[in-house]
Number of protein chains: 2
Amino acid sequence: MKILTENTLFKGLTESQITDILSTAYHREKSFLDGEIIVHQGDVINNIGIVLSGNATGKKYTPDGEEIIVSNMKANSIFGDVLSGAIGFASPVTVQAVGPCRVLFIDYNQLLYSHHPLAHHVLQNMIQSISRKYFAQNKRMDILMLKSVRSKVLSYLEWQRQTKGTNTFAIDLDRRLLADFLGVERSALSRELSRMKADGLIDYHKNNFTLFI
Amino acid sequence: MKILTENTLFKGLTESQITDILSTAYHREKSFLDGEIIVHQGDVINNIGIVLSGNATGKKYTPDGEEIIVSNMKANSIFGDVLSGAIGFASPVTVQAVGPCRVLFIDYNQLLYSHHPLAHHVLQNMIQSISRKYFAQNKRMDILMLKSVRSKVLSYLEWQRQTKGTNTFAIDLDRRLLADFLGVERSALSRELSRMKADGLIDYHKNNFTLFI
DNA sequence: TCTGTTTTGTTGCTATGGCAACCTGATATA
DNA sequence: TATATCAGGTTGCCATAGCAACAAAACAGA
């Protein structure tokens, strides 16, 4: 349980305070094998999930059956918080184990309605966590709304430069995922990257990029 | 202040409970004239804003200077909640008065850290409010990711049918706003709507739509 | 009712990007 | 070392949709 002290949901709390709070809300640990579904798209859930070990992905399926990876989760990632918070909403994503993984589920309502003096603190952390997810999504929306592939790529790289703080940086998406993120064809992305390199705007090799502008 | 009993942030509380809670957090009411800026894009704020009367819009500007209306706010709309919740984030939007309007600002931290017994309740409402905004955004992202204008329109209309519950319904966006929402050209939207009518998929007049599929 | 204004529809032109198909190079595996 | 596999790059074709410019309704105000 030591890992939870690093979790954004319990940030600022000691290990004993965390176990103390958890004693007031029903929770259980569950293990999943590679490929097992943790949450189905369409499920209505009332639990917060925390990845204790291993990895999981959030995917969704477009109307025409294409699979899109929405998020990659590793240890200490939280899911189901926004979903539980909205009350009554169906999960827009399927959460699936990538390799064996362990997940801690915490009853959302009991945690929320707990009168434990520190529950307040957890709520504040939760608001912060949800708000951050909102803005991450917001950033992506801004990019998706741009019309040309080039402007999308530039906007993305500019964003990365800002968060990384250097003109040369590695991104954590491969071409397929980057194309999905930008909402373009993988081949169209490759094509535009070449053009941008030819135009002297950027340089890149694999997932290492340099921005010249 | 009676209007606040209808506000999602104070849902479930009586008028006297609301004034009671407000007494623990710094708040002020402010009036704005038509066109006045309430929040500038890029501002870092620590207040929750509630529109008491009048209307306001949330706009943002694309890299190439184009103005996009992101949201329309009326009485009891809340803004700044997600922004304050994320702590340290710059506002991605400019909030501007449309006609004269009054806004109630509440200090976010004092409301959040209040030890008032009902503050917990407000926090829960806030989580719900933010989560809902997240999912509204999420829905839009799904639509923006589709490639063709037709699929975007169909996805949007299908969504409207589901929320409205009938095959015939009025939407609350005009063509300009709908085009922005879908991330397409206004003329391209009009063109595709005509085609879809010709193909017998839909019928429409102004903002009244009927879905045949 | 007339007129100015705003909203919506229409249409030709053309660049863009989706699609498909294939190539190249890297990494893994036997 | 040979070969299978996978990520990334390249390219031709062509429908789609952006852009611009204009037409036609719808609406508002005098």
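So that the names make sense, note that chain A is the first sequence line, chain B the second, and so on, each numbered from 1.
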| Within the side chain of His40(B), is there an N or O that forms a donor-acceptor pair under 3.5 Å with the backbone of Ile38(B)? | no
| field | Minimum-distance nucleotide (side-chain atoms of Lys206(B) versus dA26(D), dG12(C), dG17(C)) | value | dA26(D)
| task | Compare the minimum distances between each of dA17(D), dC19(C), dT8(C) and the side chain of Asp174(B), then state the nucleotide with the smallest one. | result | dT8(C)
| said: Would you say Gln96(A) and Lys59(A) are linked by a side-chain donor-acceptor pair, where the criterion is simply a distance under 3.5 Å? | reply: yes
| message | Taking the nucleotide of DNA chain D with the nearest heavy atom to each, does Arg176(A) or Arg191(B) sit closer to the 5' end? | response | Arg176(A)
| Does dG9(C) have OP1 or OP2 sitting under 4.0 Å from an N or O in the side chain of Arg175(B)? | yes
| Out of dG9(D), dG12(D), dC19(D), which nucleotide sits closest to the side chain of Lys147(A)? | dC19(D)
| Closest to the Arg186(A) side chain: dT11(C), dG8(D), dT10(C)? | dG8(D)
| task | For the pair Phe209(A) and Phe169(A), name the ring-plane relationship: parallel under 30°, tilted 30 to 60°, perpendicular over 60°. | result | parallel
| d(CG, Leu182(A); C1', dT16(C)) in whole Å | 16 Å
| request: Let me know the distance between CD of Glu185(B) and C1' of dT16(D), rounded to the nearest Å. | output: 13 Å
| field | Side chains of Met145(B) and Leu144(A) in contact at under 4.5 Å (non-hydrogen atoms) | value | yes
| request: Whole angstrom is fine here: how far is it from CG in Leu146(B) over to P in dT16(D)? | output: 15 Å
| said: So for the helix from dT1(C)-dA30(D) to dA30(C)-dT1(D), with five pairs setting each end axis, what is the inter-axis angle to 10°? | reply: 40°
| said: In this structure, how many angstroms lie between the C1' atom of dT16(C) and the CZ atom of Arg195(A), rounded? | reply: 8 Å
| note | Leu178(A) atom CG is separated from dA7(D) atom P, nearest whole Å, by 15 Å
| said: Please check if the number of heavy atoms outside Lys164(B) that lie under 6.0 Å from its NZ is greater than 12. | reply: yes
| message | Please tell me if Ser187(B) has a side-chain N or O lying less than 4.0 Å from either OP1 or OP2 of dT11(C). | response | no
| task | Round to the nearest Å and state the distance from Leu193(A) atom CG to dT16(C) atom C1'. | result | 16 Å
| request: With sequence neighbours excluded, tell me which residues meet salt bridge (Lys or Arg N to Asp or Glu O under 4.0 Å) with Glu185(A). | output: none
| query | Is a side-chain N or O of Asn7(B) found less than 3.5 angstrom from the main chain of Leu9(B), in a donor-acceptor match? | reply | yes
| task | May I have the distance from Asn208(A) (atom CG) to dG8(D) (atom P), rounded to whole angstrom? | result | 12 Å
| note | The nucleotide from dG9(C), dG18(C), dA17(D) with an atom nearest the side chain of Val184(A) is dG18(C)
| Do the ring planes of Phe105(B) and Phe32(B) sit parallel (below 30°), tilted (30 to 60°) or perpendicular (above 60°)? | perpendicular
| request: Check every atom of dG17(C), dG9(D), dT8(C) against the side chain of Ser190(B) and return the nucleotide holding the closest atom. | output: dT8(C)
| request: Starting at atom CZ of Phe209(B), determine the distance to atom P of dT8(C), rounded to an integer number of angstrom. | output: 9 Å
| request: Just compare dA17(D), dA26(D), dG18(D) and give me whichever is closest to any side-chain atom of His205(B). | output: dA26(D)
